[in-house]
Structures are given as structure tokens and as C-alpha cells.
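Take a look at the structure below.
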Number of protein chains: 2
Amino acid sequence: MLVTPKRKDAQQLTELILDTARDLFTAHGVDAVSMHQIAKTAGVGQATLYRRYTQKADLCLELMDDHFNRFKNDVILLLEQLQLAEETIHTRLNALVRRLVQFCNDESALLHAIHATIAPLNCIETEKKSFFQFPPYVFLHGTISTLMREALDSGRTVPFDPAFNAHILITALAPHTLQHLHQEYGYTTDDIVEKLCMALINPLFKS
Amino acid sequence: MLVTPKRKDAQQLTELILDTARDLFTAHGVDAVSMHQIAKTAGVGQATLYRRYTQKADLCLELMDDHFNRFKNDVILLLEQLQLAEETIHTRLNALVRRLVQFCNDESALLHAIHATIAPLNCIETEKKSFFQFPPYVFLHGTISTLMREALDSGRTVPFDPAFNAHILITALAPHTLQHLHQEYGYTTDDIVEKLCMALINPLFKS
DNA sequence: AATAATAGCGGACAATTGTCCGTTTGTCAA
DNA sequence: TTGACAAACGGACAATTGTCCGCTATTATT
């Protein structure tokens, strides 16, 4: 959550903080770096940091903003191209899942931290944003459910609820879930893409 | 030869701690109660509490132990009865999902806290148990994948990976996911059961 | 340019989780 | 019993997250 500063020098501090955080994260790993440490290393007060980013999740979100925007454009472009090539909705959904998993892999460190910070308990009592209100979820859910609705409307599937199924697909992409699949079963990224499609996409389509 | 025996009075403190925690949880809600508060109210030191339960998740797990065992027996009994009644594997899977969702609803408060405490970040760096090693997950995953394998072996389904799909089903039952479905879409518990089956069970079966 | 208003800084402070260590106390051998 | 030994207690202490408030420095005004 970025506060737009009225003082001109405030913007410089924002950049300083972001740079410092990026450096510390790559040096020691996201989880090992504390907010206090970021502030101290950047040479600013605690409040200066917290005024910009209430939680580490916000900071992480800001740090992956560029990459996320590129990913968004990628997805939009990819889907347009496939549609122009007159690929089936089934094929397009599979391609989307592949790109999705790839993104979650690339940004696993930051996503990890975001999920960890925005724990379920923060949602009700306190009035902080839940994960489901963050841009990545909103975009993913919108894109996936649109495609799923198209599949449903095509008449080639069994009945299902696009929004609900999209929600479940995203849930399955949570960092700790993917990590568990990698570690426990030794699945490669390709395995996971294939099995996700086999579990959540392919069975929807009548043969 | 000196045998070092366990002290008998330690068990009493354990019960005192559990009773205190239960009371505080019901009085103020699980999330609002701190470990320090539990120790202080029980009149014991911090270490005495932490020596027994390293995290609030462990404490919660202990508190729902009775209920979880009853649930386990319920599930086993339910599945046996349905099998004796010669219900199809499809029907049995749906019934299992229903009972599953019911349990997650009943114990949502404790499960909530467990998920919140055992955040993904605790898994790699520190050597704490991940959620996937806790008894509830292990039992659920075992039960579901066994049933799913039976479905697969029956030849009445499309191809899929029982263990993987079981994993995804459990993931979808995470407290914050269910909570979001309730809040955002206004789904009732029955809705969720129906949609879960429509998303993850029914499409597997050839018509 | 001088000055008033205030955006915004910084560090102290509170709350929570988790650890360490000196001390107590139950247990068992004699 | 008694006494040695270790299991186990308790509270102080460290680290982290998040908040508050007095002060500084920038900006707008004249």
C-alpha cells in the first residue's frame, strides 16, 4: 500500500527502501530479513518503513510489481494469439495453467513471503487485506474464470461453476503446496502442470 | 544403576495448561489469546508451556484430539457401512467429501489457528513440522487417496493421480479458503460440498 | 527571504513469540 | 530417612512486529 508523498524527498526514501529490501532479500533470503533490519540498513526509522508498507507482504508485492505486469501482459498476449490460431478452449486452458505455474515458480520466494504474512487470522479481526483482495489473485481469478466460463458455454463440458473452480485452481498453486509437491513427490514443474490439468481441467471436457 | 524416571506432577500441569487454554479460547477466541497469556493465567512459566507445545498449533491440535478421533472413527464407520450397502465408489467419495467439509466447519476455529501458526516459511529454514506432517492431513490424505485409487482401478474414471488429486482436495478445504467462499459468495456448507464434488469428484467419472 | 503550517522523519515503546539458565523438587538407591 | 541426581519449573531475556509522538525540514505564503 503506497502512500503518495507530498514532499519531494519522500520519494527518494521510498526508492532507497525498495533498493535496500531487494538487496537484503537476495543476500539473505526473503524470510530471513526483518522489517527492522530493512529500516536500519536503509538508515530510516521504523515508522518511515511502516508508513509505506504495513506488512512485508506489501513490500514484496511492490518488489514483484514489474515482473507481475510483464506476466499479465504475457498472459493476455498468449491467450490472444491462441485464440487467433483458433485453438480450442481446452488447449488454451492448459496453456494458461502452464504459464501460471511458471510464474508461481519464478516468484516463489516473494509469493511465499506474501502468503506467510497474510495469514488467515489477519482477515477477520484486524481489517487488513486478505490474500484474495491482492492484485495477483484478482487478476488470476478473473482470467481463469473467464476462460472457464467460455468452456462451460461451449457446451463441451460437464456442468461446473467457473468462479468456484478457478478459486480451487489458484488455491492449489499456493507456494507451500507446490513446494510440498516438489519435495515430497519429487515432481518437476512439468509434472505439476500435467497433473493439475489432469485433475482440474481435462476431466471437465466430455471426450 | 540410576534410572531417571518421569515426574508424576508434570502431568497435572499439562492438564492445567490444556484446561486454561480451552477456557481462554472459548472466552476470547483462539486468535486473541497469546501463549504468554495462557502461561500467566495458568500460573506457570513460559518455558513450562513451550516445553509441551512449541507452537500454538500443537496446543490446538491437542485440544481437538478427542474430536478428531471421533471424526476418524466416524469416517471409517461411514465408509464401511456404505461399502456393505454396496454403494458405488462415486457415492462413497461424495459422502466422504460431505463429512470432510462438516468436520472442517466444526473445527474451523482451531484449524484456523493451526494453519496460521504453521505458515509456509516455517518449513524450510527452521526444522518445524509442516502442516502436511500433522495427523489430520496424513489421515485425510490417506483416506481420500485410497478411495480415489479404488475409483481409478474400477475403470469408470478418466485417468488421474489419486495422491495428487487428494492433495488438491484437502488444499481446497483450508479454513481461509472455506471462509472466503462463505463470505464472498455467500455459499452455504451444502453449496460448498456440492461444488467441491462438481469440481473434483464428479468430472472424474465417465458418464 | 522570512515565516507559518504541516508532511513526514526517527527512535522509543508496547506486545508477542521463543530461548536460556539458575533453582526447585520429585524420585530412587542406600 | 536421607541425599544425590536429573527432570522440570519459572522468570528474565532476546528478537520481531507494529504504534506513537515529539521534532525536523520542506513547502507555500507574503
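Chain identifiers are assigned alphabetically (A, B, ...) following the order of the sequence lines, protein sequences preceding nucleic acid strands; residue numbering begins at 1 within each chain. What you see is a predicted model; the values in this text were computed from it and never measured.
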>> For A:Glu107 and A:His112: C-alpha separation, side-chain torsions, deciding distance, then whether side-chain hydrogen bond (donor to acceptor under 3.5 Å, both in side chains) applies.
In response: CA-CA 8 Å; A:Glu107 291 293 340; A:His112 216 241; over 6 Å; no

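- Between B:Gln55 atom CD and C:dT16 atom C1' there is a gap of 15 Å when expressed in whole angstrom units.
- B:Asp191 and B:Thr188 share a donor-acceptor pair across their side chains, judged by distance under 3.5 Å alone.
- Residue A:Thr48 is classed as a base contact, given a heavy-atom separation below 4.0 Å to a base.
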> Can you check side-chain hydrogen bond (donor to acceptor under 3.5 Å, both in side chains) on B:His180 and B:Tyr187, steps first, answer last?
Replying inline: CA-CA 9 Å; B:His180 178 249; B:Tyr187 292 153; over 6 Å; no

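- Out of D:dT19, C:dC9, C:dT17, the shortest distance to the side chain of A:Gln46 is found at D:dT19.
- Distances were taken from every side-chain heavy atom of A:Arg51 (C-beta onward) to each of D:dC9, D:dG11, C:dG10; the shortest belongs to C:dG10.
- Note: B:Phe131 and B:Phe134 have parallel aromatic rings, judged against thresholds of 30 and 60 degrees for the angle between ring planes.
- Between A:Lys40 atom NZ and D:dT17 atom C1' the separation is 16 Å, expressed in whole Å.
- The aromatic rings of B:His176 and A:Phe132 sit parallel, their planes meeting at an angle under 30°, below the 60° perpendicular limit.
- Of the candidate nucleotides D:dG10, D:dC9, C:dC9, D:dC9 has the atom lying nearest to any side-chain atom of B:Arg52.
- Atom pair A:Met35:CE and C:dT16:C1' shows a separation of 16 Å (rounding to whole Å applied).
- Residue-level contact check: B:Gln37 touches neither bases nor backbone, having no heavy atom under 4.0 Å from any strand.
- Nearest-nucleotide positions on DNA chain C for B:Ala47 and B:Tyr50 put B:Tyr50 closer to the 5' end.
- Regarding A:Asp58, its CG atom lies at a distance of 13 Å from the C1' atom of D:dG18, rounded to whole Å.
- Sequence order on DNA chain C of the closest nucleotides to B:Asp9 and B:Val33 puts B:Val33 first from the 5' end.
- Atom P of nucleotide D:dT19 and atom OH of A:Tyr53 are separated by 17 Å, given to the nearest angstrom.
- In this structure, CD of A:Gln11 is placed 16 Å from P of D:dT26, rounded to the nearest angstrom.
- Taking atom CG on B:Leu13 and atom P on C:dT24, their separation rounds to 17 Å, with Å as the unit.
- In this structure, CG of A:Leu16 is placed 16 Å from P of C:dG8, rounded to the nearest angstrom.
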